[in-house]
Structure formats: C-alpha cells, structure tokens
Amino acid sequence: MTILFKNIKELLQVREERIDFVSGADMAVLPTIKNAYLLVKNGNIEDFGAMENCPKIEADKTIDATGKMVLPSWCDSHTHIVYAGHRETEFVDRIKGLSYQEIAKRGGGILNSAIQLQKTSAEDLYQQSKVRLDEVVKLGTGAIEIKSGYGLTLDAELKMLRVIKRLKEDYSIPIKATFLGAHALPKAFKTNKKGYLKLLIEDMIPRVAKEGLAEFIDVFCETGYFSVEDTDTILKAGRQFGLKPKIHVNQFTAIGGVQIGVKYDVLSVDHLEEMRDEDIQSLKNTRTMPVALPGCSYFLGIPYTPARKMMDAGLPLALATDYNPGSAPSGNMNFAVSSACVKMKMTPEEAINASTINGAYAMGLQDEVGSITKGKWANLILTRPIPSYSYIPYAFGSNHIEKVYLKGKEIV
C-alpha cells in the first residue's frame, strides 16, 4: 500500500539524518520543506522532498494537500489515562481555595482515584480508558506513554498494567507502559512507609517484571510522597528487574530528585515546575530528557517549567500532557504546545520539537516516530488549510487537524 501526499504547503520536522533529540539553541531550528511531497509505503515513510523533484509514482492513493501542512504526530511521553471515574468535585474545591496538597490530606487526590480504581472491574477500566485513547489519537497523538499508580495494591496495579497491555494489543499507536506503584502512600500504610516500600520491592516489582507488564519504573519524588532516599531504593530495585527508570521531580518542591535521577541515568525527569540552578547544572551533559507538563501548571495554578532558562543553558526539553483525573484532565497535545508558547515563552519551533522528536526520545521511541525520516512509521498529522505552522499554537481554541494517520492508515 503506497500513499502519496502531494502539494504539501509545508512538510515539518524533516530530518534526513536520524538524531535522538535536539537541545539548547538547536531547539529553535525546525527543518521544513515548502511545496513538498511525502511518500508512504506499507506504513513507513519511504521518500519526501520538494514537489519539483517528485518522481512519477503510481501510488495506491494520492492526497492533494494544497494549503495544508504535514507533520509527525505528537509524542505524549507522560500520561495516566488508565484511571477510573473523575475528580471534578476536587476541581470545585480548588476554585473555592483549597490547594492540591490540602485536598490530598483530606483523602482526595491520588488516594481518591485509587479507591475508585480498586472498585472498578478490569473490563470497565478498559472501556473508560479506550474512550480517552480514541480521543487523544484524533487530537493528533501518535505515540503515548501510560503509567499505573492509581491502584496502590498489588492486584490493582496489575489490573492497570494489564489494561495498558490490552490497549497495546488493540491499537496501532505505540504505547509504552510505566509502573508507578510509588505514586502515593496508600491509606493502609499511612504510618508504615517501610512496609509499603517492602511490598513494592518484594512483591510488586518482581510480579510486574515476571509478567512483562512495564518497560519503565517511575517514582513521585516529592515532599509528602517519596523522599530522595525512597526513590534511590525503588529505582535500584526496578533496575535489578530490568525496568528502566523515569521520575516525577520538582513539581512542588526541589529536594534533590533531579540529582538522584541523574545518578540512575533516568530516561526522563518530569514536571520540573520548581527548578534551582543546581538542578539545571546537574542535567547538563546527560542523556536525560527534561519533560514539562504545562497542562498541570495551568490546571493547578502552579508555576510553569522555566523552559527558557533551561534551553538557554543548553538543555533539551520535551512537552507532555500529564493526562490524569486530578491535576491535568486533558490529553490534548495541541493545548500543551500552545500553552508552552504562551506561558513558557517557547517559540513554535521549540514547542513542536519538544512535542515530536524530543517526546519520542523521552519514551525510547526515537527510532520509530517523532520526525519525517525515511524508515520511520508514518504517524502523521495532516492539518486543515492554515497560514503557517505558528498558527497551530496561536489559534489555540480551534482544531487545526484534518486527518491523523497511524502507520499510514487514516484514523476515522
């Protein structure tokens, strides 16, 4: 099956040579081809270039993209979309003045979601999650990471991860699974953190690894949740069972989580709303991808990741949605791109790089998706007619996507 896109107004994120990610000043460079063609064969990018150089091709399907743009689909490297129920009552509580931390202390937050999930059947959980996944794919997401962490018991965490596995089997979108048993301390272990760490290390991690349910392990390294010492212990245990580390750090306080992440050569450090100079210095000359979650900052009213400062220091940056029921109930990567431009002062070029090639790297998918490169999967966005790619974050309230393709197949 061959598909030819012709007369593309502008083909974005064109990378002739494969690279893992872009950093610092290079994030402001978005390679494009104007008046371009793109050839897809058997689900992969076969060829591309300027229309004036387009060879005669007998394609099975030809799409005239006059006035439209083509770019690689969004790569959302941080989500929690497998969850049960909703938490809109907490949203109202925050409007009335309660903080996220205050709501959590009252039994809300992650523990609220855990209670709902534990009561929900695997089938119901799958059906709820399927609706969300369908939605984000239509919004242009073509690769996604999904975390557990709303179970907080062995059975419930396994239930979440098995649902993620089923989604992986049922969808053509690449999905990465992350075990986040260290998301919060369950109520049953409120005064017995050592007991929960023992459960994580001796029961949960071995079982997750045995069933092959996750590729990554994650920890919420934050004041009131898991300390730097706890994080060290958990990441060490996960690594012994072949789980690659990623961590939540610096969301509300900076306590040294970035440094423990660097120690374990984590693939990504996510959130980073509170960044000290020493945290930025620690990330220099590493292969760890910083990931910003502007939807969370918007929804909770907390600071945004200091993107400008980090990129000026030479760091790379990825953008993700943090899609979850409590602090970022949206998986719309288009909004993440726009809010990064508006609130984090990223240029459209930087935001698109952060949401495609760098997001792919933050999931270990840089060889499959994230750029227009020969041999990569044809996970693509075809826009509606727009004046420029800067219009995508500029006109933030409109849907600029006409079609989404996964491995060259149009998503209806």
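Every value quoted in this text rests on a predicted model; they were computed, and no experiment measured them.
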Would you please say whether a donor-acceptor pair under 3.5 Å links the side chains of [X] and [Y]?
X: Thr233; Y: Asp230; result: no
X: His78; Y: His271; result: no
X: Glu157; Y: Ser148; result: yes
X: Ser77; Y: Glu145; result: no
X: Asp47; Y: Tyr37; result: yes
X: Lys68; Y: Thr383; result: no
X: Arg162; Y: Tyr126; result: no
X: Thr321; Y: Asp76; result: yes

Does a sphere of radius 6.0 Å around [atom1] in [X] hold more than 12 heavy atoms from other residues, nucleotides or ligands, not counting ones at 6.0 Å or beyond?
X: Lys409; atom1: NZ; answer: no
X: Phe396; atom1: CZ; answer: no
X: Lys198; atom1: NZ; answer: no
X: Tyr298; atom1: OH; answer: no
X: Tyr171; atom1: OH; answer: yes

If we ignore hydrogens and angles and just use 3.5 Å, is the side chain of [X] paired with the main-chain N or O of [Y] as donor and acceptor?
X: Asp322; Y: Leu293; result: no
X: Ser355; Y: Ile352; result: no
X: Asn42; Y: Met1; result: yes
X: Lys343; Y: Ser338; result: no
X: Asn358; Y: Leu317; result: yes
X: Ser73; Y: Asn379; result: yes
X: Lys168; Y: Ile173; result: no
X: Ser268; Y: Pro290; result: no
X: Asn334; Y: Leu139; result: yes
X: Asn44; Y: Glu46; result: no

Any salt bridge between [X] and [Y], counting N to O under 4.0 Å?
X: Lys403; Y: Glu410; value: yes
X: Asp64; Y: Lys6; value: no
X: Glu211; Y: Lys165; value: no
X: Lys374; Y: Glu17; value: no
X: Arg308; Y: Asp312; value: yes

Does the side chain of [Y] come within less than 4.5 Å of [X]'s, by heavy atoms?
X: Arg94; Y: Ile103; result: yes
X: Ile164; Y: Leu213; result: no
X: Val219; Y: Leu235; result: yes
X: Ile3; Y: Ile63; result: yes
X: Leu152; Y: Ile110; result: yes

Using the test side-chain hydrogen bond (donor to acceptor under 3.5 Å, both in side chains), find all partners of [X] that sit at least two apart in sequence or belong to another chain.
X: Tyr264; answer: Asp232
X: Glu222; answer: Thr253
X: Lys130; answer: none
X: Lys244; answer: Glu215

- salt bridge (Lys or Arg N to Asp or Glu O under 4.0 Å) involving Lys119 - partner list, sequence neighbours excluded: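 Checked Lys119 against salt bridge (Lys or Arg N to Asp or Glu O under 4.0 Å); zero matches.
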
- Item | Tyr323 and His80 aromatic centres sub-6.0 Å | no

- So, for Phe220 and Tyr225, is the gap between ring centers shorter than 6.0 Å?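 Yes - the distance between ring centres of Phe220 and Tyr225 falls below the 6.0 Å cut-off.
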
- Message: Is there a salt bridge (charged side-chain N to carboxylate O under 4.0 Å, His left out) between Glu368 and Lys376? Walk through the geometry before answering.
- Response: CA-CA 5 Å; Glu368 286 81 31; Lys376 286 193 176 184; over 6 Å; no

Could you pull out every donor-acceptor pair under 3.5 Å between side chains of residues 20-30 and any protein atom, sequence neighbours left out?
| from | atom 1 | to | atom 2 | distance (Å) |
| --- | --- | --- | --- | --- |
| Asp20 | OD2 | Arg287 | NH2 | 2.5 |

- Message: I need the single residue from Ile33, Leu380, Ile357 that forms a side chain to side chain contact (heavy atoms under 4.5 Å, CB included) with Ile372. Which is it?
- Response: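 Output: one option passes, namely Leu380.
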
- Item | Working for side-chain contact (heavy atoms from CB on, under 4.5 Å), residues Leu300 and Gln251 | CA-CA 11 Å; Leu300 294 184; Gln251 181 176 2; 3.9 Å; yes

- Task: Check the pair Lys147, Asp218 against salt bridge (charged side-chain N to carboxylate O under 4.0 Å, His left out), reporting the backbone distance first and the verdict last.
- Result: CA-CA 8 Å; Lys147 303 178 190 293; Asp218 198 344; 2.7 Å; yes

Results of ring pair (Phe, Tyr, Trp, His ring centres under 6.0 Å) for [X] - residues two or more places apart only:
X: Phe189; value: Tyr196
X: Phe299; value: Phe91
X: Phe48; value: none

- Message: Using every non-hydrogen atom in the two residues, find where Ile381 and Gly140 come nearest and quote the distance to one decimal.
- Response: CD1-O, 3.6 Å

- Ser390 to Pro393 - nearest heavy-atom pair and separation: O-CD, 3.1 Å

- Message: Between Val291 and Val269, does the side-chain contact (heavy atoms from CB on, under 4.5 Å) criterion hold? Intermediate values first, please.
- Response: CA-CA 6 Å; Val291 180; Val269 286; over 6 Å; no

- Is the charged tip of Arg132 near the ring of Tyr83: under 6.0 Å from the six-membered ring centre and within 45° of its axis?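 Geometry flag: set, cation within 6.0 Å and 45°.
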
- Message: Restricting to side-chain contact (heavy atoms from CB on, under 4.5 Å), what partner residues turn up for Ser99, sequence neighbours left out?
- Response: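 Testing Ser99 for side-chain contact (heavy atoms from CB on, under 4.5 Å), a comparison that skips the adjacent residues, returns Gln101, Glu102.
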
- Message: Holding to side-chain contact (heavy atoms from CB on, under 4.5 Å), I want the full list of residues that pass it with Asn112, two or more places apart in sequence or in another chain.
- Response: Arg87, Glu90, Gln116

- Would you list the pairs meeting salt bridge (charged side-chain N to carboxylate O under 4.0 Å, His left out) in which at least one residue belongs to residues 269-281, sequence neighbours left out?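 Residue pairs passing salt bridge (charged side-chain N to carboxylate O under 4.0 Å, His left out), neighbours aside: Arg276-Glu278, Arg276-Asp279, Asp277-Lys309.
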
